[in-house]
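Letters A, B, ... are given to chains in the order of the sequence lines, protein chains preceding strands, and every chain is numbered from 1.
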Amino acid sequence: MYNDKNAQTIVEYIQNFTRKNSLFMLAYGTGCGAIELPATLTSRYDAERLGVRGAATPRQADLLLITGYLSTKTLKRVIRVYEQMQDPKYVIGFGSCTINGGMYWDSYNTIKLLDKYIPVDVYINGCMPRPESVIAGFKELQSLIAAGKADGAAKYKENLEWYRENQKKVLKNWPLVEYNW
Amino acid sequence: MNTILFEILGAIATILLAFTVGMFYGGARRKIIARIQNRVGPPVYQNFIDVIKLYSKETSIHHGAMQHMGPVFAITASVTSLMFVPVLNGGGWFWFDNLSFSGDLIFLVYMMVFGSLGMALGAGQTGNPNSAIGVTRGLSQMVGYEIPFVMSMVALMTQFHTTSITGMMEIQAQSGTWMMFSNPFAFITAVLAMLGMFHYSPFDIVHAPAEVASGPVSEFGGKYLGLMMSSGSIFAFVKLTLFVNVFMGGASNLIELVVKTFALYMIPVLYGVTSPRYRTEQAITYFWKWPLFFGVISLLWAAF
Amino acid sequence: METSLIKEELLAQQLQNAFENIVTEAVRKDTVFAYASKEQVSSILLYAKEKLGYKSLAHMSCIDWLESDEFELVYIIWSPETKLNLFVKTRIDRQNPEMENMDMIWRQLNTYQREIREMFGVEFPGFVGEKEFILEDWEDAPPMRRDFDTLEYVNDTFFEREGREDKQDVRERIAKRSGEEIPDFAKKYSRE
């Protein structure tokens, strides 16, 4: 019974369906993009009809939004928050700053490339992305989850050494906790 | 042997009924809030999706034994109180003769506090400062609403010389009037206390996400949060059914039950949607003003 | 319209009379500059605060004059009675930057001094304050100094997205493609 391929696919299908339709989003405003979220969540664009709703703590959240630039100081907290979240978990990178540094491409205290430090499932481009593109990003993530391709967390576990090396290059004297998942 | 089997089956069916109804009520509440805020809102079955997702999440948080026990206490309290509330007139539902006895109203008043206390213990172990603040707020608010609630219940118990819910229902069936009409002040007191019992806005100071990061549950994710959501929806059903039984003459079939409980449920929901959150001391003073006043009047009504 | 600078000239004259070797200048409305040596700054500030009523410290700032190998420290103070801003400026050696600690005159100088110590490497002997202000674990040269090469540091520390190494200036290409012309005032911002 447990090795039955069909039974497993049905379970997986139900799991992916519920996961994609119930995204608890950690409202952690790191950069200027956080100002787009109230518009996304309130009456005009209403992300709750897609099942996206805010979670107050990382323990309850599925989705981490990196809304804009990350200074190295914020990166420390983001990594800690990301590691506190429970599997399965997804990350959306917001705006050009997370993609290639954006307008902070030569700033000494903001990182340029987010997916070297934590795995990113979906990028939303723009500076800043409007609520329409944010919702398009949610939809994109939902289709990835439905296809079972949003496996950033698994990637992070597999390549933890590589990520840790990159993180330690920026965060020199910061104790990175060794979590046992 | 067969009777025990049927009893167990009936108990499970009752739990499922309470869970389903509570979940749909939660979904309806979210939909109503969304419509009032001019949004489309999630589908009515959204809470089911949330709960299934939460149960399928990995949960690897460990803060100590009590932290694992907290959600279990919560759901134990909900299910236990459900077992003592007659779902329909003259007993339970689906072969299930519920566990009512002559003192079950007093027992329920105690049992409804038990879940919160268990949660407080569990949240205390996590060591999260937000949990501690949330627990303090929750217990203060409980002191606020328990007093008017107990006053209204005591008024009814002394007036009709019965401490069982089925007894109350029989009295209503005999006299032909609901207790919300024969004892209006007790009803008003109980409804005002119910506003606080549901922890909805404006009395959501316990879970206030913007202030204390969802309070006691801030360290609980995944399956524990799922357990708590299930416990919350069962508990909502318990409270509503208890109020319907005591004040609105119970229900003779499921449709009547759903109609009556939903009508009652709209009071905290609609009151909540239109009111912003109180501060802790405002909430407690709220309960200790008008509900207490009506409670005293209902006691006098019962005495004379 | 010509504005008279009577109040400003008066303040400049007052300071000129009180101190030797000080250059004062009423630059514009509500603004007076006073150039002083490093040793005089504390007495000027105290004099302005106690005698002239310049009670409020608005800002303290630092400017890196790389060409003349100097740092310029600027203290901006303000008087609620005369509504004038007094800029007290001094230049200090860039190789061994040291300035008197003055957070006993205004407590908020503590914060400014922490920032300037971190961002420019100016030392304030006898100054008690947390070592770190904004940066954490900073091991390089102070980042606001002009000889700190930000781009080199960024290239060493952070990653580059693949395919973006050449950093092409696509502005002209886009302008040509869409048939628009870059206006003259914008041409000076070209990277060439």
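- In the displayed structure, C:Trp65 atom CH2 is contacted under 6.0 Å by at most 12 heavy atoms of other residues, nucleotides or ligands.
- Around NZ of A:Lys139, the count of heavy atoms belonging to other residues, nucleotides or ligands within 6.0 Å does not exceed 12.
- If you measure heavy-atom distances from C:Asp156 to chain A, the contacts under 4.5 Å come from the backbone alone.
- For A:Thr72, the part sitting under 4.5 Å from any heavy atom of chain C is the side chain, from C-beta outward, and nothing else.
- With a 6.0 Å radius and a threshold of 12 heavy atoms from other residues, nucleotides or ligands, C:Ile134 has its CD1 atom above the threshold.
- Contact record, C:Thr157 with A:Lys169: O-CE, 3.7 Å, taken as the closest heavy-atom pair.
- Between chain C and the options A:Val170, A:Thr110, A:Leu171, heavy-atom pairs under 4.5 Å are most frequent for A:Thr110.
- Counted within 6.0 Å of CD on A:Glu165, heavy atoms from surrounding residues, nucleotides or ligands total 12 or fewer; the atom is thus considered open.
- Few gaps surround CD on C:Glu139; more than 12 heavy atoms of other groups in view lie less than 6.0 Å from it.
- Going from atom OH of A:Tyr108 over to atom CG of C:Asp149 covers 14.0 Å, rounded to the nearest 0.5 Å.
- For the pair C:Leu151 and A:Asp106, the tightest heavy-atom approach, listed with the atom from each and the gap, is CD1-CB, 3.8 Å.
- Both the backbone and the side chain of C:Phe159 come within contact range of chain A, each with at least one heavy atom under 4.5 Å from a heavy atom of that chain.
- Atom CG of A:Asn100 is separated from atom CZ of C:Phe158 by 14.0 Å, given to the nearest 0.5 angstrom.
- Ranked by non-hydrogen atom pairs under 4.5 Å with chain C, the options A:Leu113, A:Asn166, A:Ile111 are led by A:Leu113.
- Closest approach of A:Lys112 to C:Asn155, counting heavy atoms only: NZ-OD1, 4.5 Å.
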